Amino acid sequence: MSDLEDPHRGSRGRYAEFRSRKLLWIQALIALCIVVALFSMGMGAYKMSVMEVLTAIFRDTGSVGNVVIWNIRLPRIAAAVLVGSSLAVAGTVMQCILKNPLASPYTLGISGAAAFGAAVAIAIAGTGMLGGTAVAGIVGGMYGMSLFAFGFAMLAVLIVILFSRTASATSESMVLAGVAVGSIFGAGLSSLQYFVDDSTLASIVFWQFGDLSKASWNDLGIVFAVLVPASVYFYLRRMDYNSLEAGGEVAVSLGIDTRRETVVSMTLASVLAAVCVAMVGIIGFVGLLGPHIMRRIVGGDHRYLLPASMVMGTLVLLVADAVGRIPFESPVPVGIVTSFLGGPLFLYILVKKGRRS
Amino acid sequence: MIEDGDVVSILGPNGVGKTTLAKSICRMRKPDAGIIVVDDRDIREYRPREFARHLSYVPQRALAASMTVFDSILTGRRPHIDWAVTGRDEAIAWDVLSLFSMEHLALKNIDEISGGELQKVQIARAVVQNAGAMILDEPTNNLDLANQHSVLGLIRRIVKTNDSCAVMIMHDINTAACYSDRFVFMKKGRIQSYGGREAITPETVEEVYGVRSEVMTVDGLPVVVPRIDGRAGSSPDGGMPEWMRGGAG
């Protein structure tokens with residue numbers, strides 16, 4: 001049938017093409033993630049080729065390579081995948097719900113609150129307030145820190161959500177509220193750092209560096225257990241998010257309970273981000289970079305944007321982690337690399353976007 | 001009190017509560033008194049999604065986003081979608097897009113199109129929703145003369161075809177008169193009069209807007225011509241300030 005016989009056909013054909021192009025982008029980026037991961041796993045003090053990496057993953061030979069891959073490098077890759085997609089999807093949802101491109105776990109003060117929580121745990125254990133008791137050991141241990149980090153992150157979330165239910169909450173003021181909450185916890189963190197002794201200070205500072213190597217298989221299991229139900233929920237709500245883009249009133253007229261949607265989506269996104277920060281420390285910018293890069297490539301349709309952002313978040317963390325390990329004698333924590341690479345990249349995106357419109 | 005198959009215009013001066021009335025019908029704010037019934041049921045009894053299948057709404061202002069025209073119109077199917085968009089949903093969106101002659105814009109982002117086109121996207125989204133009643137807050141906003149008439153004509157044809165109804169907040173009585181069956185005149189938060197074309201009288205216009213006018217009949221439609229100072233054909237008024245009379249500059 002020619003375009004003349006059916007007036008829709010031209011546009012429909014182009015729309016179908018447009019959608020398959022988006023799908024192709026997502027597939028290509030997944031492939032790129034796999035390639036980067038394979039090369040990244042070969043990097044380090046014990047060098048391995050891609051073939052050796054693949055053998056070590058799929059065949060249990062009991063060799064050194066086997067141990068290195070399964071105990072050190074694969075958890076790292078898994079951490080990049082889980083944390084990268086969690087932070088990116090959380091950022092996408094927050095940006096949509098708050099209708100603010102600046103919303104992300106980091107800018108809403110969640111990361112800062114988690115850092116404060118971890119610092120409190122470290123300080124309690126470090127100052128000997130609880131003596132050498134078992135409680136001190138638990139609080140100062142890895143799980144104690146994660147629990148404190150998570151608890152305080154949820155406190156920040158609660159403040160932001162309670163604020164969102166007040167009459168004066170607009171999309172701008174929500175982000176500003178997040179900045180204010182972040183600054184309160186930041187001040188708390190600084191004062192803790194000021195009063196503790198040197199070795200405690202060192203562990204507080206060390207905790208804040210987002211580092212994928214911190215996460216054990218158990219930690220990753222927890223992130224996975226939160227990420228799967230959260231992202232399924234987000235994906236089921238994809239058309240609601242698209243409706244919200246047209247404004248709250250239109251969303252209500254399309255049958256969306258916007259208040260409930262705000263609370264549920266924001267809580268899930270924040271829990272997801274809080275769990276990640278509790279496990280690996282502060283990694284900024286992924287929640288902004290993932291969605292913003294993909295919004296330019298696949299557009300604002302959440303049916304594609306949600307999965308695409310997750311893939312891009314993963315890719316950003318995989319690349320940043322690999323770059324940080326190039327000086328393999330003393331690898332740079334991935335949180336520092338994402339901020340170093342992410343800052344300029346983000347500025348570039350903003351400038352390009354400004355020029356287009 | 002609104003029948004199926006009717007197009008109703010709500011008319012009245014600025015700030016008189018037209019939008020408040022529309023938002024009350026759409027459950028976006030609670031009425032101070034009284035109840036509102038849609039399809040024989042109190043609107044408070046509906047579940048959100050169910051309500052969206054009975055009533056659609058076009059707000060006064062449209063928000064732009066980085067989404068394509070087609071995907072944006074497709075969100076109108078949301079009250080009918082269970083798990084995923086179906087072929088039927090897409091077919092309906094394409095049909096409406098072609099009724100609005102906007103197929104060529106399907107892949108444009110809605111932050112790249114003109115204000116009038118964005119307004120048409122909003123109305124198209126409500127049409128795609130296929131609800132029993134449509135509430136439109138100033139649907140002719142941002143539309144040029146040709147588009148005003150083609151869009152209102154289209155709304156009327158839709159209402160007559162699927163026996164639904166449309167309630168539009170309008171400012172221009174004459175345009176409203178071309179496409180509406182019934183008229184609501186509002187004054188100070190109350191309904192002053194409600195009726196067919198015969199309700200448009202010089203007395204009502206003066207009562208509601210405080211403007212003296214004549215109502216003529218052209219092609220069977222009422223046309224309101226205001227008698228107001230400064231109108232072409234009337235003499236300039238003496239009530240202007242002194243400094244303005246010596247010429248500008």
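Quick note: numbers below take in every heavy atom, side chains included, and nothing from hydrogens, waters or symmetry partners. Since the model is a prediction, treat every value here as computed from it, not as a measurement. Below, read A as the first sequence line, B as the second, and so on, with proteins coming before strands; counting in each chain starts at 1.
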Which bit of [X] is near chain A, if near means a heavy-atom gap under 4.5 Å: side chain, backbone, both or neither?
X	answer
B:Ala84	both
B:Arg47	neither
B:Glu90	side chain

ring-ring contact (aromatic ring centres under 6.0 Å, His included) contacts touching residues 38-69 of chain B (sequence neighbours left out):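 Matches after skipping sequence neighbours: B:Tyr46-B:Phe51, B:Tyr46-B:His54.
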
Can you pull the ring-ring contact (aromatic ring centres under 6.0 Å, His included) pairs that have at least one residue in residues 66-92 of chain B, sequence neighbours excluded?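 The answer is A:Tyr15-B:Phe70, B:Phe70-B:Trp94.
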
Return the option, out of A:Val252, A:Val250, A:Asp257, with the maximum number of heavy-atom pairs under 4.5 Å with chain B.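 Highest number of heavy-atom pairs under 4.5 Å: A:Val250.
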
Taking every heavy-atom pair that is under 4.5 Å apart, which of A:Gly247, A:Gly255, A:Ala246 has the most such pairs with chain B?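 Result: the option with the highest number of such pairs is A:Gly255.
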
Counting only heavy atoms from other residues, nucleotides and ligands, does the tally under 6.0 Å from [atom1] of [X] exceed 12?
X	atom1	answer
B:Arg44	CZ	no
B:Lys108	NZ	no
B:Tyr194	OH	yes
A:Phe224	CZ	no
A:Tyr241	OH	yes
B:Glu3	CD	no
B:Lys188	NZ	no

Structural part of [X] lying under 4.5 Å from a heavy atom of chain B:
X	result
A:Leu305	neither
A:Arg260	neither
A:Leu236	side chain

Heavy-atom side-chain contact between B:Leu63 and A:Glu245 under 4.5 Å: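 No, their side chains stay 4.5 Å or more apart.
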
4.5 Å side-chain heavy-atom contact, A:Tyr304 and B:Asp71: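 Result no, sub-4.5 Å side-chain heavy-atom pair not found.
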
Taking A:Ser11 for its side chain and B:Glu103 for its backbone only, find out whether a donor-acceptor pair lies under 3.5 Å.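 Answer holds: yes.
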
Closest contact, heavy atoms only, [X] versus [Y]:
X	Y	result
B:Ala52	A:Ser253	CB-O, 3.4 Å
B:Met67	A:Asp301	CG-N, 4.2 Å
A:Met239	B:Thr75	CE-CA, 4.0 Å

For the pair B:Lys23 and A:Glu249, evaluate salt bridge (Lys or Arg N to Asp or Glu O under 4.0 Å) and give the outcome as yes or no after the intermediate values. CA-CA 9 Å; B:Lys23 286 190 176 173; A:Glu249 287 182 346; 2.7 Å; yes

For chain A, which candidate among B:Leu107, B:Val121, B:Val85, B:Leu55 shows the most heavy-atom pairs at distances under 4.5 Å?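 Going by pairs under 4.5 Å, I would pick B:Leu107.
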
Looking at chain A, which one of B:Leu74, B:Ile110, B:Ile81 has the largest number of heavy-atom pairs inside 4.5 Å, strictly under?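 Top option by heavy-atom pairs under 4.5 Å: B:Leu74.
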
Can you tell me how far apart CZ (B:Arg49) and CG (A:Leu254) are? Round to the nearest 0.5 Å.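 The CZ atom of B:Arg49 sits 11.5 Å away from the CG atom of A:Leu254.
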
